[in-house]
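Here's the structure we're looking at; comments come further down.
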Amino acid sequence: MGFAEQRFNVNLSILFTELPLLERPAAAAAAGFGAVELWWPWVDSPTPEEGDLDALRRAIEDAGVQLTGLNFYAGQLPGPDRGALSVPGEESARFRANVDVAADFARSLGCKALNALYGNRVEGVDPAEQDALALENLVLAARAADRIGAVLLVEALNAPESPRYPLVSAPAAVGIVDKVNEATGLGNAKFLMDLYHLSMNGEDLPSVIEEYAAKTGHVQIADNPGRGAPGTGSLPLADLLDQLKKAGYDGWVGLEYKPGDRPSAQAFDWLSR
């Protein structure tokens, strides 16, 4: 099997970032990809101007690529933030204001996966208070996703790079998925299995796949160490993706890696056309 049997999309928030946002969908298409995903592109605005949303929508449509994944507003990402939904006050309010905006944008492009990053722990705030707020906001997000026929993704990050993010293991993220599904009864919350983050946490990746493939709604990859393209590190990514496929996962695999010191268009030489 190997890489040739997978469906890959390109994350335009980490690849092709040497280009303006509106030029990235066409660049991905020119590199041979038919699908893309995005972090929330407007880090300072959960509710951007309609003209900005329309321009990005047109760029994706004109490039002929499918938007297969979109993050809800997550604060300064890339940057110090790791989400907004568990952060009391203004950031939580920003997340709530973004929920329907992101869902409607996704619906307009046929996007069926919305990722809700949990957010960092806040000094001086009881973690239990943050977790209660998180569940409340994730329920809102799950209902908005359900309204457009999409899944809500909950992602585990890695402790070395995100030391204040509480979901730094597969069991922790899946535990939140289960709580959201129990609270809504919708069953549309899923695990976002990022093999790079899980490997940085030292998790046994074959065991994670065996245990959680059925609850996985999306997969992302980068090699480790370095978060580069497959083959730049030591992760057996082809074997791991084969295991996922055999376990029943047939969704997209997001390429969420750094291109290194070369243009992004040259960072796909590991992938046979």
Side-chain angles (χ1 to χ4, degrees), residues 7-17 20-29 33-79 81-85 94-119 137-138 140-155 157 173 177 180 188-194 216-221 251-256:
R7 292 195 301 160
F8 293 109
N9 65 7
V10 180
N11 190 304
L12 297 182
S13 299
I14 194 168
L15 284 156
F16 295 107
T17 58
L21 175 64
L22 298 183
E23 295 178 17
R24 295 177 204 171
F33 294 94
V36 299
E37 63 184 35
L38 279 164
W39 303 342
W40 184 249
W42 299 279
V43 296
D44 293 318
S45 177
T47 55
E49 296 291 333
E50 195 62 42
D52 293 333
L53 292 162
D54 288 342
L56 180 56
R57 186 182 296 110
R58 283 196 303 272
I60 292 170
E61 290 173 340
D62 290 348
V65 293
Q66 174 65 47
L67 182 68
T68 55
L70 177 68
N71 282 18
F72 288 108
Y73 170 79
Q76 298 293 318
L77 184 76
D81 299 332
R82 298 292 186 272
L85 62 92
R94 282 171 163 247
F95 177 83
R96 291 186 184 207
N98 173 252
V99 165
D100 283 335
V101 175
D104 288 342
F105 183 77
R107 178 194 50 76
S108 73
L109 288 165
C111 174
K112 299 296 186 182
L114 291 161
N115 184 26
L117 284 172
Y118 201 80
N137 284 334
L138 284 166
L140 292 175
R143 289 175 176 153
D146 181 68
R147 173 171 62 81
I148 67 164
V151 298
L152 171 72
L153 300 171
V154 177
E155 183 175 8
L157 301 183
V177 166
V180 174
N188 70 328
K190 301 285 185 180
F191 176 40
L192 196 168
M193 184 186 292
D194 186 309
T216 297
H218 187 45
V219 173
Q220 291 174 333
I221 63 169
W252 291 97
V253 176
L255 304 181
E256 199 185 49

message: Could you measure the distance from the CG atom of L157 to the CG atom of L117? Nearest 0.5 Å is fine.
response: 6.0 Å
query: What's the shortest heavy-atom distance between F8 and W252, and which atoms?
result: O-CZ3, 3.5 Å
message: Quick check on the 6.0 Å ring-centre criterion: do F72 and F95 meet it?
response: yes
D100 vs R143, salt bridge (charged side-chain N to carboxylate O under 4.0 Å, His left out): CA-CA, chis, key distance, verdict: CA-CA 10 Å; D100 283 335; R143 289 175 176 153; over 6 Å; no
query: With distance as the sole criterion, is a donor-acceptor pair present between the side chains of N188 and D146 under 3.5 Å?
result: no
query: Are the side chains of Y73 and V43 in touch, meaning some heavy atoms are under 4.5 Å apart?
result: no
field: Closest non-hydrogen atom pair between D81 and Q76, with its separation
entry: OD2-N, 2.7 Å
field: From N71 atom CG to L77 atom CG, the distance as rounded to the nearest 0.5 Å
entry: 7.0 Å
field: Separation between CG of N98 and CH2 of W42, rounded to the nearest 0.5 Å
entry: 9.5 Å
message: Between V253 and Q220, does the side chain to side chain contact (heavy atoms under 4.5 Å, CB included) criterion hold? Intermediate values first, please.
response: CA-CA 5 Å; V253 176; Q220 291 174 333; over 6 Å; no
task: Check whether any side-chain heavy atom of V151 sits under 4.5 Å from a side-chain heavy atom of K112, and report yes or no.
output: no
message: Using every non-hydrogen atom in the two residues, find where V101 and W40 come nearest and quote the distance to one decimal.
response: CG1-CH2, 4.1 Å
- prompt: Are side-chain heavy atoms of L56 and L38 found at a separation under 4.5 Å?
  reply: yes
task: Indicate yes or no: at least one non-hydrogen side-chain atom of F33 is less than 4.5 angstrom from one of N9.
output: no
Rounded distance [0.5 Å steps], OG1 in T17 versus CG in N11: 10.0 Å
field: Ion pair check, R57 and D62, cut-off under 4.0 Å
entry: no
field: From CA spacing to verdict: side chain to side chain contact (heavy atoms under 4.5 Å, CB included), R96, L85
entry: CA-CA 8 Å; R96 291 186 184 207; L85 62 92; over 6 Å; no
message: Applying side chain to side chain contact (heavy atoms under 4.5 Å, CB included) to Q66 and V36, what does each step give before you reach the verdict?
response: CA-CA 6 Å; Q66 174 65 47; V36 299; over 6 Å; no
- prompt: Side-chain contact, heavy-atom cut-off 4.5 Å: H218 with L192?
  reply: yes
message: If you compare all heavy atoms of L114 against all heavy atoms of A106, which two are closest, and at what distance to 0.1 Å?
response: CD2-CB, 3.9 Å
message: For V10 and E37: C-alpha separation, side-chain torsions, deciding distance, then whether side chain to side chain contact (heavy atoms under 4.5 Å, CB included) applies.
response: CA-CA 6 Å; V10 180; E37 63 184 35; over 6 Å; no
query: What is the minimum heavy-atom distance between A29 and A63, and which atoms define it?
result: CB-O, 3.6 Å
field: pair T216-K190: side-chain heavy atoms closer than 4.5 Å
entry: no
task: Would you tell me whether E256 and W39 have side-chain atoms, one donor and one acceptor, within less than 3.5 Å of each other?
output: yes
field: L70 CG to F105 CZ distance, which is reported to the nearest 0.5 Å
entry: 7.0 Å
A145 to L152 - nearest heavy-atom pair and separation: CB-N, 4.2 Å
task: Indicate yes or no: at least one non-hydrogen side-chain atom of T68 is less than 4.5 angstrom from one of R7.
output: no
Side-chain heavy-atom pair L12, L21 within 4.5 angstrom cut-off: no
